[in-house]
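Numbers restart at 1 for each chain; the letters A, B, ... are given by sequence-line order, proteins then strands. The analysis underlying the following values was restricted to heavy atoms, covering all of them including side chains, and did not include hydrogens, waters or symmetry mates.
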2 protein chains.
Amino acid sequence: MNSVLRARALELIEARGFEATTAEDISQAAGISRRTFFRYFPIREDVLFSDHAAYLLAVEQRLTTRHDEPILVAGHALEAVIDGYLLDADFVRRRSAVVRPVSALRDREVLWFREYQTLLASYLSADERGTRGAIFAQIVAAALLAALNQVLERYLETPDGEDPKALFAELLDDIADSMADTGLRGRGPGPEHPERTGVVVINSTLSADEIADLIDKAER
Amino acid sequence: MNSVLRARALELIEARGFEATTAEDISQAAGISRRTFFRYFPIREDVLFSDHAAYLLAVEQRLTTRHDEPILVAGHALEAVIDGYLLDADFVRRRSAVVRPVSALRDREVLWFREYQTLLASYLSADERGTRGAIFAQIVAAALLAALNQVLERYLETPDGEDPKALFAELLDDIADSMADTGLRGRGPGPEHPERTGVVVINSTLSADEIADLIDKAER
DNA sequence: CATCGGTTGGCACTGAGTGACAGGATACTG
DNA sequence: CAGTATCCTGTCACTCAGTGCCAACCGATG
C-alpha cells in the first residue's frame with residue numbers, strides 16, 4: 001500500500017504539480033480514504049520520502065555490523081542510502097524533478113537528511129569522551145552528510161556521470177584523512193597520548209636534512 | 001511590530017505551549033488581525049525565528065568586507081550569529097526552552113540554519129573551480145554550521161559555560177587546519193604550489209634532532 | 001459461533017494559510 | 001489646500017492539512 005501511494009502520488013504530482021495535488025486526490029487515486037492516507041503519512045510531503053525511513057534503518061544496521069575506524073564505519077553505513085538510490089533509480093530521479101522546484105518538498109528532504117546526521121553523530125560520539133568529542137562528532141557527521149548529499153545530487157542531475165559510490169568513497173577518504181591529523185580527532189587532541197610524536201611532511205621536494213633544518217629554525 | 005509579535009508569541013507559548021497557541025491568539029495579544037499576522041510571518045513557526053533573517057543579512061555582509069583565507073572569512077562571518085545571540089541572550093534562552101520539546105519548532109530552526117549553510121557554500125564555491133570545489137565548499141560549510149550549532153547549543157544549555165566566541169574560534173581553527181592539509185582544499189590538492197614545504201609536529205616531547213631522525217627513517 | 005486485535009472509513013472539527021476586496025493612513029503633487 | 005497614488009490593515013470567505021471519535025469490517029483464534 002505504502003508503495004502504491006507513493007507511485008500514485010508521484011504520477012499526480014508530475015502531472016499537476018505538488019501544490020495542486022491534495023491528500024484527497026492521492027488517496028482517491030490509490031483507492032483508500034483520506035483518513036487512511038494520513039495514517040500512513042502523518043505529513044503529506046512524506047508520501048514522496050517513505051524510502052528514507054527504510055534507508056535509515058539500513059544505516060543504523062550497518063553501524064553495528066562493522067568494526068573499523070569510526071568515521072569509516074559511519075561512511076560505509078551511509079552507503080546504504082546510495083545503494084537505495086541506485087536500486088530505485090527511476091523513482092528517485094522522477095522524484096528529484098518534482099522536489100527541486102517546490103520549497104516545501106526541499107525542506108522536507110533536508111529534514112530527512114538531518115535524521116541521518118543525528119544518527120551518525122550519536123554513533124560517533126558514543127565512544128568519545130567529554131564535550132569536545134561530542135562536538136567533533138557533530139561536525140564530522142555534518143561533513144559526511146554534506147558529502148552524501150552532494151554525491152546524490154550529482155548522481156541525480158547527471159545520469160551518466162561519475163559512479164556515485166566511488167565518488168563518495170573518495171570524499172569519505174578525504175574527510176577521514178582531514179580528521180585524522182588535527183584537533184578534529186576522535187579521542188581528543190593529545191592529552192591521552194602525551195608521549196606520541198607524529199610528523200607530517202606535505203608536498204616536500206626537500207631532503208630529510210633540509211626539513212630537519214626547517215624544524216630547527218622553527219623551534220622556540 | 002515584528003518584535004512585538006515575537007514577544008507576545010513567546011509569552012503565550014511559554015504559558016500554554018506551542019501547539020495550544022494559535023495564530024489568532026498571538027495576533028490578538030499583539031492587537032492586530034490574524035490576516036496581518038500571516039503577512040508578517042507566512043509560516044506561523046517563524047514568529048520565534050525572525051532574528052535569523054537579520055543575522056543572515058549580517059553574515060552576508062561580513063562575507064564581503066573581509067579578505068583572508070576563505071574558510072576563515074566564512075567563519076568570521078558566522079560569528080555575527082553568535083553576536084546576535086549574545087546581545088539578545090534573554091530572549092534566545094527563553095526561546096530555546098520552548099523550541100527544544102517541540103519538533104515542529106526544532107525543524108523550523110534546522111531549516112534556518114540550513115540557510116546559513118547554503119549562503120556559506122555559495123560563497124566558498126565562488127572562487128573554486130570545477131565540480132570538486134563546489135562539493136568541498138558544501139562540506140566545509142556544513143562543518144562550519146555544525147560547529148556554530150554546537151557552540152550555540154552549549155551556550156544555551158550552560159549559561160556560565162565557556163565563552164562561545166572563543167569556543168567557536170577554536171573549532172574554526174581546527175576546521176581550517178583540517179581542510180588545509182588534505183584533499184579538502186580550496187585551490188586543489190597541491191599542484192598549484194608544488195614547491196611549498198610544510199611540516200607539522202604533533203604533541204612532541206622530542207627534540208628537533210630526534211624528529212629529524214624520525215623523518216630520516218620514514219623517508220622512502 | 002463468539003470474540004478479539006488491528007485496520008479502515010466516515011464524520012466533524014480546529015486551525016493554517018490565501019485570495020479578493022474595501023477602507024484608511026500617509027505621502028507626494030499641483 | 002484638494003486630489004491622488006501607494007502602502008498597510010482588516011474582513012470575509014474559502015481550501016485543505018491534520019486529528020479525535022466511533023462504527024464497521026476483516027482475519028485469526030478459541
Hey, what's the ring geometry for His52(A) with Trp112(A), parallel, tilted or perpendicular (30° and 60° as the breaks)?
parallel

With Arg16(A) as reference, evaluate Thr22(A), Thr21(A), Asp25(A) under the side chain to side chain donor-acceptor pair (under 3.5 Å) test and give the passing residue.
Asp25(A)

Atom CZ of Phe37(B) to atom P of dT18(C): distance rounded to whole Å?
12 Å

All heavy atoms of Phe113(B) vs all of Leu145(B), minimum pair found to be O-CD2, 3.3 Å

What residue pairs, at least two apart or across chains, pass side chain to side chain donor-acceptor pair (under 3.5 Å) with a residue in residues 133-150 of chain A?
Gln150(A)-Arg154(A)

For DNA chain C, whose closest nucleotide is more 5', that of Arg39(B) or that of Glu45(B)?
Glu45(B)

Span of DNA chain D, from the first to the last nucleotide whose atoms fall under 4.0 Å of chain A heavy atoms
dC16(D) to dC21(D)

To the nearest Å, give me how far apart CD (Glu24(A)) and P (dC11(C)) are.
12 Å

When the distance from OH of Tyr40(A) to P of dT7(C) is rounded to whole Å, what number comes out?
9 Å

Taking CZ from Arg34(B) and C1' from dA16(C), how many angstroms apart are they, rounded to a whole number?
7 Å

Answer yes or no: does a side-chain N or O of Thr36(A) lie under 4.0 Å from OP1 or OP2 of dG9(C)?
yes

Tell me yes or no: between the side chains of Arg114(B) and Thr118(B), is some donor less than 3.5 Å from an acceptor?
no

To the nearest angstrom, the CD1-P distance between Ile32(A) and dG9(C) comes to 6 Å

Please state how far atom CZ in Arg44(A) lies from atom C1' in dA16(C), giving the value in whole angstrom units.
12 Å

Expressed in angstrom and rounded to an integer, what is the separation of Arg35(B) atom CZ from dA20(C) atom C1'?
9 Å

Scanning both residues in full, the closest heavy-atom pair of Phe38(A) with Ala23(A) reads CZ-CB, 3.6 Å

Over how many whole Å does the gap from Phe38(A) atom CZ to dG10(C) atom P extend?
15 Å

